[in-house]
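Scroll down for the structure; my scribbles are underneath it.
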Amino acid sequence: MEHTSWLGSALVYLAAAVLAVPLARLLGLGAIIGYLGAGIVIGPWGLKLVTDPQDILHFAEFGVVLMLFLVGLELEPQRLWKLRKPIFGWGSVQLFGSAALMVGVGMACGSDGRLALVAALGLALSSTAIGLSVLAERNLTPTTSGQSVLSVALLQDVAAIPILALLPLLAVQAIGSTDQQATDSVANWLAAGKAIAVIAAIVFGGRLLLRPALRWIAGSATPEIFTAAALLLVVATAALMQSVGLSMALGAFLAGVLLAESEYRRELETDLEPFKGLLLGLFFMAVGMTIDFAVVLQQPGLVAALLVGFLALKSLVLWGMARVMKLPVLERPVFIILLAQGGEFGFVVFQAAAQAGVISNGASSLLVATVALSMLLSPLLLVIADRVIAPRLERSLRSTATAMPEINEPQEAPIIIAGFGRYGQIVGRLLYANGLKATVLDHDAEAVEALRKFGWRVFYGDATRLDLLRTAGAGTARVLVLAIDDVAQSLKVADIAREHFPQLTVIARARNVQHYYALRDLGVQLIERETLDSALMSARTVLETMGWQPHQARTLALRFRRHNLTQLAAAAPHWRDEAWRVANAKTGRQQLEQLFAQEREEARVLRQQRGWDAQSNQPEAPSRSAPFDDV
């Protein structure tokens, strides 16, 4: 069905996204696969609701531009300068290393030299849109692998321009015209001069003019105009870069970097984030629509060979880079998969090469289909990496970590702390500060190594093992502090302590209410929920900010704590009965509200009787609340 109105097109795209993305997330596949799948379904090879995806692809590329602008906002110029070596160093290694390897393999397979070179350069580029979107979705951008992906992606955006400039030279070489070559050489030098001038204008003009302009616009106190100004800034920068044949995304990135230290950074991010998300989704849908399944069906073997071959060759280069860069082992699969795929600039390179006569239209269609399939495949590979590769790597790391000697000498400290993460460290610091010795056990080898560097005497060992608990001195110790993060392991240690070390007083950390009740079922009486007291401290601060006196806020928080614990104990026999717990929670909340309301009324009457300021809005706590101060 052909849609001629923007309303019909908007209906198709929005409906496809709203249906496909939640379904993909429900299946654990991620939003990007949902968008790509939606594009395939509504495109020329699906329901044919959209028959000309190229037009929407050009428009949706603005989502990539907005994304690079927002990435630039996160990188101050000083931080970007620190990344210069990874960008131009490792980025060049990835691009030229992958291209050289693919050119060699292509020519060894009998391919024409120009075709091998163009294919290698186009396939060596990766998808900035998918890469940075996945990093943001998984909150991996600040990690070592995230910064490495960003560095390589920036180099590729820069390198796309000279790659496109190389295509006319290859075409001239094919024609063999010296005069034409000289003419094109002059034109290329002029184009390079214009490009340098535009970049200089963006950098220097941006530093001198952008902040005053934004300050003047913000002074109008019209939020929608500031949003329009933010969009205008990105569109103008992109258009300026495109006018001289440069990457729109690279120009937007430069503009973002220039504003990274401005006072309008957060407001710009807030205003542009919704547009970026929608346009990126539209871009991924357009990529799904552009997959030419006719080419795939005509030569499935060749497409599969190209796809597997270039992914394998790029992965080989990236694997070597990850080892030399010493990326964390668990982050390497994401780094390799995100950069091994093809990218949106590959579409541009292959289409431009076909127009210049460097490669045939058939070869261009074949390469474009291969790139699109790799972009479709990469999110699926990430799912496989999460579910198959990462667990195996983690088990491998644990097996190699066992090289760290476990606790093997009997300990005699009266206290054992099992688990020395955020919770256990606070307990340990207070004990050590008061001269109490404790034997500390933790099963995370990296954490143990790091803690030892800071002077902590931490032993590597799994507290769920009875023999290690005996070695740690559980047979003679008086207290076991159970501070393990994992709920199942925590319960296992509590069960072992109850059965084999009845003299131990177990003081346990509960991750949640269910964990609290499970510990009580094992006979543990001294249990602290890890978020209760910190939440009550925040509530006290809110009360004080709203006008309560500090001692009043403290009394009310302590009374709430006592009421909560009493209600929790009363519900213990019924904790597996959800209906009973819901009804009891509602009743307890009503009782507490009635109690506080009664006390506020008594305080008001008491102030009037004593002649205090009756107009005061502060809710004084009654004097009878004092006995609860020690709860």
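Everything numeric in this text was worked out from a predicted model, so none of it was measured.
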Open item on the list: If you define the side chain from C-beta out and look only at heavy atoms, does anything of Phe459 sit under 4.5 Å from Thr471?
Closed with: no

Open item on the list: Would you say that Leu436 contacts Ile415 through its side chain, given a criterion of any heavy-atom pair below 4.5 Å between the two side chains?
Closed with: yes

Task: All salt bridge (charged side-chain N to carboxylate O under 4.0 Å, His left out) counterparts of Arg478, not counting sequence neighbours - done: none

Could you tell me which residues satisfy side chain to side chain donor-acceptor pair (under 3.5 Å) with [X], sequence neighbours excluded, listed by chain and number?
X: Arg520; value: none
X: Asn564; value: Arg529
X: Ser127; value: Glu344

According to side-chain contact (heavy atoms from CB on, under 4.5 Å), who are the partners of [X], at least two apart in sequence or on a separate chain?
X: Leu466; value: Arg470, Ile496, His500, Phe501
X: Ala20; value: Ala38
X: Ala17; value: Tyr35, Met285
X: Pro328; value: Thr144, Glu331

Sequence neighbours left out, cut at 3.5 Å: what donor-acceptor pairs do the side chains of residues 534-542 make with other protein atoms?
residue : atom : partner : partner atom : Å
Ser534  : OG   : Thr531  : O            : 3.1
Ser538  : OG   : Ser534  : O            : 3.3
Thr541  : OG1  : Met537  : O            : 3.0

Task: Shortest non-hydrogen contact from Leu327 toward Ser148 - done: CD2-OG, 3.6 Å

With a 3.5 Å cut-off and sequence neighbours excluded, list the donor-acceptor pairs that the side chains of residues 479-488 form with protein atoms.
residue : atom : partner : partner atom : Å
Asp485  : OD1  : Arg509  : NH1          : 2.5
Asp485  : OD1  : Arg509  : NH2          : 3.1
Asp486  : OD2  : Ala488  : N            : 3.2
Asp486  : OD2  : Gln489  : N            : 2.9

- [ ] Answer yes or no: is there a donor N or O on one side and an acceptor on the other, between the side chain of Lys437 and the main chain of Pro414, under 3.5 Å?
- [x] no

- [ ] Supply the atom-to-atom distance Ile416 CD1 to Leu504 CG, rounded to the nearest 0.5 angstrom.
- [x] 6.0 Å

Task: All pairs passing side chain to side chain donor-acceptor pair (under 3.5 Å) where residues 315-324 contributes a residue, at least two apart - done: none

Open item on the list: Go through it in stages, so that I can follow the logic: the residues are Glu528 and Arg561, the test is salt bridge (Lys or Arg N to Asp or Glu O under 4.0 Å), and I'd like the CA-CA distance, side-chain angles, deciding distance and then a yes or no.
Closed with: CA-CA 12 Å; Glu528 296 294 339; Arg561 189 181 195 278; 2.9 Å; yes

Task: Greater than 12 external heavy atoms within 6.0 Å of Glu412's CD - done: no

